[in-house]
2 protein chains.
Amino acid sequence: MYLRYLEDLDTNGQQTASSDELAQLCGTTPAQVRKDLSFFGSFGKRGLGYPVHELTDQLRGILGLGHEWRVVIIGAGKIGAALANYRGFLQRGFRVVGVYDNSPEKIGQPWGEAIVRSMSDLARDVKQEDALIAVLAIPAEGAQDVVDMVVDAGIRAILNFAPTQIAVPPHVSLKSVNMAMELEGLSFALTNKGAA
Amino acid sequence: MYLRYLEDLDTNGQQTASSDELAQLCGTTPAQVRKDLSFFGSFGKRGLGYPVHELTDQLRGILGLGHEWRVVIIGAGKIGAALANYRGFLQRGFRVVGVYDNSPEKIGQPWGEAIVRSMSDLARDVKQEDALIAVLAIPAEGAQDVVDMVVDAGIRAILNFAPTQIAVPPHVSLKSVNMAMELEGLSFALTNKGAA
DNA sequence: CTACCTTTGTGAAGAATTTCACAAGCGACC
DNA sequence: GGTCGCTTGTGAAATTCTTCACAAAGGTAG
């Protein structure tokens, strides 16, 4: 989050930013900003604030955005399309090296700059292309099986959009996004606004 | 999350579920399950566990899923389409009453069961249709302006997919999902696997 | 009815996170 | 060079969240 706003400031030519300013942009507190950043090092100058450009570089390094990540997208549906279309995606060094689906009418179709391939090619391609990240954009049914397969093939991180719990071995990182659940959270908030 | 898995169990005809079982399904601990549920009441029977069907009902009530929520989708792009297509969406009582975009070639196009309308109709429609929830699936630029407008028109909760920080008055609930940020989290995890 | 197995609900302990508050450092200005 | 205003970095305090551990049931079997 800090990186996103620091990049904006950098683009605008701003030289330094105080923890107060970053906090306002990110919707947090100055103390939080300072604690967060201090975890990784001492980037600021007292009396001045943080050097915007230098800090973006540092954060990019910390986040591991210094090189290209090879990503496979599993599921050629709307969510997969939304991700592949997203400019910020490639901008940040995430390169989509393959899109996979198992519906016959989708396989072979052009899809952005790639062509949708069969799930049966997935394991082989992951190994061959050295993809380390997989985006899972398929229905809940069978999601775990697909995960097991790609983990076996060498995938080390998974971004899961399937509305189900996924289990991975400890050497694999996992993040899940569940849109329905987010909406339900809003429903709860609306319903209990008075009580809180 | 509990609701999701309880529904599955209910469909399978299971009568009761222990905190242990729920914890396994949800990827958490039995103690966590019991604390979470006990916050809202005392639903279980000692020695037996939780009554599956009754608890799903209770949770639906707590989450405010007992009635229909009227939702507008702002931005007729891929993300919006993914959401509208999502079955679990309507299933959970979220009814899309309008889709809005400001690109002339999209306005008037059919879109699922609705027709894409102009953003200039948005404020009026929100009032007329009594929509309380808005899904924001547009680029970061101008997102805040759109938010201000719909909040003014009576929207009380926003699910934001625009990759930017959004400010809302205290009576409005906000959840943000940022796919690029999730991926960067994975990049960080991969980069720092050794250190941790 | 009693003994025993199971599982909840919950105070208390422990861990993690956030906020506070202030010394220390930096630059600017006279 | 000294003073002053500003902002960081960080221990300590406060708060929040998670885990532990066990008494209080509910059920069952004999």
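Naming convention: chains lettered A, B, ... in sequence-line order (proteins, then strands); numbering from 1 in each chain.
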Asker: B/F39 has an atom CZ; how far is it from atom C1' of D/dT16, in whole Å?
Answerer: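 My rounded result for the distance is 12 Å.
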
Asker: The side chain of B/S18 lies closest to which of these nucleotides: C/dT8, D/dG9, C/dT19?
Answerer: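 The answer is C/dT8, which lies nearest to the side chain.
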
Asker: Measure from CG on B/D20 to P on C/dG9 and round the result to the nearest Å.
Answerer: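 Roughly 14 Å, once rounded to whole Å.
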
Asker: Do we see a donor-acceptor contact under 3.5 Å between the side chains of B/N178 and B/E182?
Answerer: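 No, because no side-chain N or O of B/N178 sits under 3.5 Å from a partner of the opposite role on B/E182.
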
Asker: Grab the CZ-P distance between A/F43 and D/dG9 for me, whole Å please.
Answerer: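 One finds 9 Å between P of D/dG9 and CZ of A/F43, rounded.
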
Asker: Taking side chain to side chain contact (heavy atoms under 4.5 Å, CB included) as the criterion, tell me which of A/V147, A/L136, A/I158 meets it with A/L174.
Answerer: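 Per the side chain to side chain contact (heavy atoms under 4.5 Å, CB included) rule, the option paired with A/L174 is A/I158, out of A/V147, A/L136, A/I158.
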
Asker: Take the protein atom CZ of A/R46 and the nucleotide atom P of C/dC22, then report the distance between them rounded to whole Å.
Answerer: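 It is 16 Å, rounded to the nearest whole Å.
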
Asker: Thinking salt bridges, do A/E7 and A/R60 make one under a 4.0 Å N-O criterion?
Answerer: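 Yes, A/E7 and A/R60 are salt-bridged.
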
Asker: What is the distance, rounded to the nearest whole Å, between atom NZ of B/K45 and atom C1' of C/dC5?
Answerer: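 In whole Å, C/dC5 C1' and B/K45 NZ are 18 Å from each other.
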
Asker: Which nucleotide in the set C/dT10, D/dG9, C/dT19 lies at the smallest distance from any side-chain heavy atom of A/A31?
Answerer: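 Between C/dT10, D/dG9, C/dT19, the one nearest the side chain of A/A31 would be C/dT19.
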
Asker: If you check every side-chain atom of A/K35, which of C/dT10, C/dT18, D/dT8 has the closest atom?
Answerer: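 For A/K35, the side-chain atoms sit closest to C/dT18.
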
Asker: Let's see if you can work this out: which of C/dT7, D/dT8, D/dG27 has an atom nearest to the side-chain heavy atoms of A/Y50?
Answerer: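 My answer, after comparing the listed nucleotides, is D/dT8.
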
Asker: Does A/S42 place a side-chain N or O at less than 4.0 Å from the phosphate oxygens OP1/OP2 of D/dG9?
Answerer: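 Yes, such a contact exists.
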
Asker: At under 4.0 Å, does any side-chain N or O of A/Q32 touch on OP1 or OP2 of C/dT19?
Answerer: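 For C/dT19, OP1/OP2 do have a side-chain N/O of A/Q32 under 4.0 Å.
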
Asker: Report yes or no: do A/Q144 and A/Q165 form a side-chain donor-acceptor pair below 3.5 Å?
Answerer: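 No, no side-chain donor-acceptor contact under 3.5 Å.
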
Asker: Using atom CG of A/D36 as one end and atom P of C/dA16 as the other, report the distance to the nearest whole Å.
Answerer: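 From A/D36 CG to C/dA16 P: 17 Å.
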
Asker: CZ of B/F40 versus C1' of C/dT10: gap in Å, rounded?
Answerer: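 It is 17 Å, rounded to the nearest whole Å.
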
Asker: What's the CG-P distance between B/L48 and C/dC5, to the nearest Å?
Answerer: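 Taking atom P of C/dC5 as the reference, CG of B/L48 is at 17 Å.
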
Asker: For the side chain to side chain contact (heavy atoms under 4.5 Å, CB included) test, which of B/V150, B/I133, B/V71 pairs with B/I155?
Answerer: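 Between B/I155 and the candidates, side chain to side chain contact (heavy atoms under 4.5 Å, CB included) is satisfied uniquely by B/V150.
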
